[in-house]
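Only one structure is covered here, and it is reproduced in the block below.
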Amino acid sequence: EVISVVTDKTEESQSIRAELKLIAGEEDKAIEILKDSLLNLSLQSGQILNIIDLCVDYTLYDDISSYIFIAIEKLSRTDKLNVLREFLKLTEEEEEYKWQLILIEKILDLDPYSYKEWIKIIELHIYFSDIDKALDAVDYALAIDSAKTEANYYKAFCFIEQGNYDDAVTILDSLDKTKDEGIFIMLA
């Protein structure tokens, strides 16, 4: 009742209107409100994150993701990365693997030297059984830091998945087995 008498169209009031529409089951009207907000030229990263929260809470990824990405593109590089990483965290909590892969790719386009994100994309490619892409990602991760055990562990795992046991054993033998008992399991 209160929002119905509020005449301004600020990002906050629009966000409240959209959520009320979602609660009332009027998803199409809510999506239109959110799309309009995302096209606003003055939208800040915090406001985009509020809309992303609604998107995650009501699983509206397919409906407004392109608008979210357009809004994110208007931000500075640092803000883009922050918003994308926050979006990623939310999709991880909801186990939205398809969206995690999309977001990780966007993050790596902006920050190709992020070892952590390369490891995450390796895990996602393995989850989707795309071993060739996982191995490509392993190579990128190893180019950033060849001493990291995690990337080598995934490389060995990918070799095992491909039936390339000799190369997998070579890698696993070179790893420090005191830090990860999973290496023994893979060797077995």
Side-chain angles (χ1 to χ4, degrees), residues 1-134 136-138 140-141 154:
E1 289 174 12
V2 172
I3 200 67
S4 68
V5 297
V6 174
T7 57
D8 72 324
K9 302 278 184 174
T10 64
E11 286 81 15
E12 285 180 344
S13 65
Q14 289 296 78
S15 181
I16 292 168
R17 283 184 181 92
E19 188 158 13
L20 289 171
K21 295 289 182 193
L22 288 167
I23 291 168
E26 299 176 38
E27 191 172 289
D28 291 340
K29 290 180 182 177
I31 289 169
E32 287 307 312
I33 292 169
L34 294 173
K35 285 179 181 179
D36 288 342
S37 292
L38 288 165
L39 293 175
N40 184 341
L41 294 176
S42 66
L43 213 56
Q44 300 298 312
S45 59
Q47 295 156 333
I48 295 171
L49 283 170
N50 289 337
I51 293 172
I52 289 171
D53 279 336
L54 281 176
C55 173
V56 171
D57 290 345
Y58 292 92
T59 58
L60 304 174
Y61 305 103
D62 294 328
D63 300 304
I64 63 170
S65 62
S66 61
Y67 291 87
I68 290 172
F69 295 135
I70 289 169
I72 290 171
E73 279 303 311
K74 297 173 186 174
L75 301 173
S76 70
R77 181 182 176 277
T78 302
D79 286 341
K80 284 180 197 175
L81 283 169
N82 290 337
V83 169
L84 288 169
R85 286 180 172 133
E86 285 299 315
F87 195 175
L88 177 63
K89 285 179 190 175
L90 294 170
T91 58
E92 288 172 341
E93 290 170 9
E94 298 297 320
E95 297 182 354
E96 292 283 348
Y97 300 111
K98 176 185 110 177
W99 285 100
Q100 289 175 40
L101 187 58
I102 291 167
L103 292 165
I104 286 287
E105 288 173 349
K106 289 188 174 297
I107 291 168
L108 287 171
D109 284 344
L110 292 167
D111 187 7
Y113 298 104
S114 174
Y115 180 82
K116 179 181 131 191
E117 266 94 21
W118 281 112
I119 294 300
K120 180 69 179 169
I121 204 166
I122 293 166
E123 293 168 347
L124 288 166
H125 285 311
I126 289 171
Y127 174 81
F128 287 111
S129 300
D130 196 340
I131 302 304
D132 291 335
K133 283 187 178 179
D136 288 343
V138 165
Y140 282 107
Y154 283 122

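For the residue pair Ser37 and Gln14, the shortest heavy atom distance occurs at OG-CB, 3.4 Å. Closest non-hydrogen pair, Leu60 versus Leu54, comes out as CD1-O, 4.3 Å. The two residues Ala71 and Leu38 have their closest heavy-atom pair at CB-O, 3.6 Å. Residue Ala18 comes nearest to Ala30 through the heavy atom pair O-CB, 3.4 Å, listed as atom of the first residue, atom of the second, then distance. Between Ala141 and Ile122, the shortest heavy-atom distance links the atoms CB-CD1, 4.2 Å.
Glu27 has its side chain within reach of Asp63: a pair of non-hydrogen atoms, C-beta onward, lies under 4.5 Å apart. Side chains of Leu88 and Thr91 form a contact here, defined as non-hydrogen atoms less than 4.5 Å apart. Contact check for Ile64 versus Ile51: side-chain heavy atoms found under the 4.5 Å cut-off. Taking the side chain as every heavy atom from C-beta outward, Asp28 and Glu32 never approach each other to under 4.5 Å.
Between the CD atom of Glu117 and the CG atom of Leu110 there is a distance of 10.0 Å, given to the nearest 0.5 Å. Atom CD1 of Ile121 and atom CD1 of Ile126 lie 11.5 Å apart (nearest 0.5 Å). Rounded to the nearest 0.5 angstrom, Glu19 CD and Ile16 CD1 are separated by 8.5 Å. Between the NZ atom of Lys29 and the CG atom of Leu20 there is a distance of 13.0 Å, given to the nearest 0.5 Å. Going from atom CG of Asn82 over to atom CG of Leu75 covers 9.5 Å, rounded to the nearest 0.5 Å. Separating the CG atom in Leu34 from the CD1 atom in Ile68 is a distance of 8.0 Å, to the nearest 0.5 Å.
For CZ of Phe128, the number of neighbouring non-hydrogen atoms (other residues, nucleotides, ligands) closer than 6.0 Å is greater than 12. Residue Tyr140 qualifies as open at atom OH: its count of foreign heavy atoms under 6.0 Å is 12 or below.
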Worksheet item: Can you check side chain to side chain contact (heavy atoms under 4.5 Å, CB included) on Lys21 and Ile33, steps first, answer last?
Response: CA-CA 9 Å; Lys21 295 289 182 193; Ile33 292 169; 4.1 Å; yes
Fill in: Lys80 and Asp109: CA distance, side-chain angles, deciding distance, salt bridge (charged side-chain N to carboxylate O under 4.0 Å, His left out) verdict
CA-CA 11 Å; Lys80 284 180 197 175; Asp109 284 344; over 6 Å; no
Discussion item. Test side chain to side chain contact (heavy atoms under 4.5 Å, CB included) on Glu96 and Leu90; report intermediate values, then the result.
Written reply: CA-CA 9 Å; Glu96 292 283 348; Leu90 294 170; over 6 Å; no
Discussion item. Test side chain to side chain contact (heavy atoms under 4.5 Å, CB included) on Leu84 and Phe69; report intermediate values, then the result.
Written reply: CA-CA 9 Å; Leu84 288 169; Phe69 295 135; 4.1 Å; yes
Discussion item. One pair to check against side chain to side chain contact (heavy atoms under 4.5 Å, CB included): Tyr58 and Ile23. What are the steps and the verdict?
Written reply: CA-CA 9 Å; Tyr58 292 92; Ile23 291 168; 3.5 Å; yes
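Ring geometry, Trp99 versus Tyr61: the interplanar angle falls under 30°, so the pair is classed parallel (tilted spans 30 to 60°).
A side-chain donor-acceptor contact under 3.5 Å links Trp118 to the backbone of Pro112.
One finds no salt bridge joining Glu92 and Lys89 here, because no Lys/Arg side-chain nitrogen approaches an Asp/Glu carboxylate oxygen to under 4.0 Å. In this structure, Lys116 does not pair ionically with Asp111, as no charged nitrogen and carboxylate oxygen lie closer than 4.0 Å.
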